[in-house]
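Please read the structure below before turning to the comments.
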Amino acid sequence: MDTGQFIQRDETCWEIEPKGAMHVPAIIYADAQLLQEMDQKVYEQITNVATLPGIVQAAYAMPDAHWGYGFPIGGVAAFDPDQGGIVSAGGVGFDISCGVRTLHTGLNIDQLQPHKQALADALYRTVPAGVGSRGKIHLNHKTMHGMLTGGARWALDQGFGEQRDLERIEEHGCMAGAEPHYVSPRARERQQDEMGTLGSGNHYLEVQRVAEIFDPAVAKTFSLRVGDVVISIHCGSRGLGHQIGTEFLKDMAMAAAQYQIALPDRELACAPLNSPLGKQYLGAMRAAINCALANRQIITHLTRQAVATVFPGIHLGLLYDVSHNTCKLERHMIDGQKKSLFVHRKGATRAFGPGHPDLPAAFKEVGQPVLIGGSMGTSSYVLCGTKESEQRAFSSACHGAGRAMSRTQATKQWQGRTLVDQLAAKGIIIRSPSMRGVAEEAPLAYKDVSAVVDIADRAGLARKVARLEPVICIKG
DNA sequence: ATGTAC
């Protein structure tokens, strides 16, 4: 898009002043190149978000932003319930609580090297991946309820994982305020056999090596050293989250007139936070957050089992688990006053800075680990939250590379098989049930993750700690 | 993202 449409506030901050129905400015964090390459749709969508009732401070787009349903992916917006603020299903995204979890292995890359193929086989065999993938767990009414209210804590009670995992998970593994009675029978049915599965699209399980350290002190706190092997899991709430999103989107679109909300775009369907529909969505969404937390917990258990077949006796401890598709009630400073706000992060990672009360003791001094998944075959990053991020974007950062072209376009340009061979030549093993899926995820169909992360760092959204390179990728 | 469409 044309950078002339913006007022450049500083090196990385581009502002659109309020005009028309906008209540607040819209702000994109990028450099001139990322902004030029960004779809004009991001401009339209982020200015549309700025017109929604009760929005405070500004509507934000992260440097990885691209066109999404209603809100851009990479969008952040906070709403005040006392000022008629709203909640929007499209502002959270279909894959509710999609997120990334990273595990330490205690292994060095040299120890892994001779066993790469064996580990790839074991992981691919053990963790179900792909569209409609099913696991070995079958939920009945009672266990479904337990999962929707208990999240990773429920998974732990079922024997998946260790007590100490919980403190390294956002919300300590269990999202409060879940209301399973607002999760429809259809959503439950779709999830019955999908616990502990990766799903498809950009979801993956990746074995990575720490390739570069930017901040040695924080890296030490995060227990990351060059050459260390870690495992990252990127997935969400599968069929359940998608079904909840679909149903509430429809209900919110129908209710907009009743709540007298003028929508510049039908896809921005929303409901007042204080309305029955708004509250129902929040209850269902929180249940879906628990589903995603439980899902990543079970996949962690399966990963531990798979790794143990190749490296008996090793322990996989959690670095952290953080979601990037949520709406969370948080306290933030607005015009010198602490306010309780509902922060939508859609394709944006929560990034609490040092001293935040919700952080585990181990991270209190340095800030939250911010896990940024790269595209297939490219680097991922570990960042840490900063103090200044609270003022810049309600303590949020980018979530990944961000798509640069559509899935359809990517399948026209690349072949899955060829990509797998090319990456194999670079020492990266890809395992996937879908070669079409692999083509859709071609590295060049995404923005340059390093450029995106550099902007997040320079903008003060989060600070770079370590760069990870893929070794094995189980792709959904 | 998704039982890749209702």
Side-chain angles (χ1 to χ4, degrees), chain A residues 41 45 64-75 88-100 128-135 138-139 183-205 233-251 253-254 266-267 269 281 284-285 288-289 291-293 295-296 299 323-327 344-349 373 375-376 399-412 416 432-442 445-446 474-476:
Chain A
K41 283 278 176 192
Q45 294 195 315
D64 52 339
H66 57 104
W67 183 16
Y69 188 94
F71 283 55
I73 294 158
S88 166
V92 171
F94 283 94
D95 191 8
I96 297 167
S97 200
C98 181
V100 182
V131 187
S133 47
R134 293 170 164 217
H138 311 290
L139 299 177
V183 177
S184 71
R186 187 106 176 259
R188 291 156 185 265
E189 195 184 317
R190 287 181 65 171
Q191 196 58 32
Q192 249 170 191
D193 304 319
E194 290 195 341
M195 295 310 295
T197 65
L198 272 179
S200 64
N202 63 1
H203 292 165
Y204 60 77
L205 182 152
I233 295 160
H234 176 210
C235 64
S237 52
R238 305 288 286 106
L240 182 129
H242 190 268
Q243 187 64 29
I244 291 172
T246 307
E247 289 168 7
F248 276 94
L249 225 31
K250 206 175 87 211
D251 291 350
M254 291 198 301
R266 257 186 65 87
E267 294 184 356
Y281 175 71
M285 178 206 65
I289 290 179
C291 176
L293 296 179
N295 194 31
R296 290 197 287 273
I299 293 173
S323 301
H324 47 233
N325 278 6
T326 57
C327 176
H344 291 64
R345 293 189 184 88
K346 180 187 188 180
T349 310
S375 50
M376 185 182 63
H399 83 307
R403 286 204 81 90
M405 70 170 71
S406 73
R407 294 186 175 277
T408 334
Q409 209 179 334
T411 53
K412 286 176 190 159
S432 176
S434 163
M435 281 307 121
R436 179 180 161 185
V438 169
E440 291 178 355
E441 291 293 312
Y446 281 82
I474 311 298
K475 194 78 194 159

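Every chain is numbered from 1, with letters handed out A, B, ... down the list of sequences. Being a predicted model, the structure only gives us computed values, none of them experimental.
Contact annotation for A/Glu194: backbone-only contact, meaning every heavy-atom pair under 4.0 Å involves sugar-phosphate atoms and none involves a base. Nucleic acid contact class of A/Arg186 (heavy atoms, under 4.0 Å, all strands): base. Among the protein residues, A/Gly199 comes within range of the sugar-phosphate backbone only, with heavy atoms under 4.0 Å from sugar or phosphate atoms but none that close to a base.
Sequence order on DNA chain B of the closest nucleotides to A/Thr246 and A/Phe94 puts A/Phe94 first from the 5' end.
Counting to the nearest Å, the P atom of B/dT2 and the CZ atom of A/Arg436 are 14 Å from each other. Taking atom NE2 on A/His242 and atom P on B/dA5, their separation rounds to 11 Å, with Å as the unit. As rounded to whole Å, 14 Å separates atom P of B/dG3 from atom CD of A/Gln192. As rounded to whole Å, 14 Å separates atom C1' of B/dT2 from atom CG of A/Asn295. Rounded to whole Å, the distance from CG on A/Leu240 to P on B/dG3 is 11 Å. Note: OH (A/Tyr69) to P (B/dT4) measures 18 Å, nearest angstrom. Atom-to-atom, CD1 of A/Ile73 to C1' of B/dT2 comes out at 13 Å; the value is rounded to the nearest Å. A/Asn325 has its CG atom 11 Å from the P atom of B/dT2, to the nearest Å.
How far CZ of A/Arg403 is from CG of A/Asp64: 13.0 Å, rounded to the nearest 0.5 Å. In this structure, A/Cys291 SG and A/Met285 CE are separated by 13.5 Å, a value rounded to the nearest 0.5 Å.
One finds no side-chain N or O of A/Ser200 lying less than 4.0 angstrom from the OP1 or OP2 phosphate oxygen of B/dT4. Note on A/Arg238: a side-chain N or O is less than 4.0 Å away from OP1 or OP2 of B/dT2.
Judged by distance alone, the side chain of A/Gln243 and the main-chain N or O of A/Ser184 form no donor-acceptor pair under 3.5 Å. With A/His203 contributing its side chain and A/Leu198 its backbone, the two residues share a donor-acceptor pair below 3.5 Å.
Aromatic pair A/His234/A/His399: ring centres not closer than 6.0 Å.
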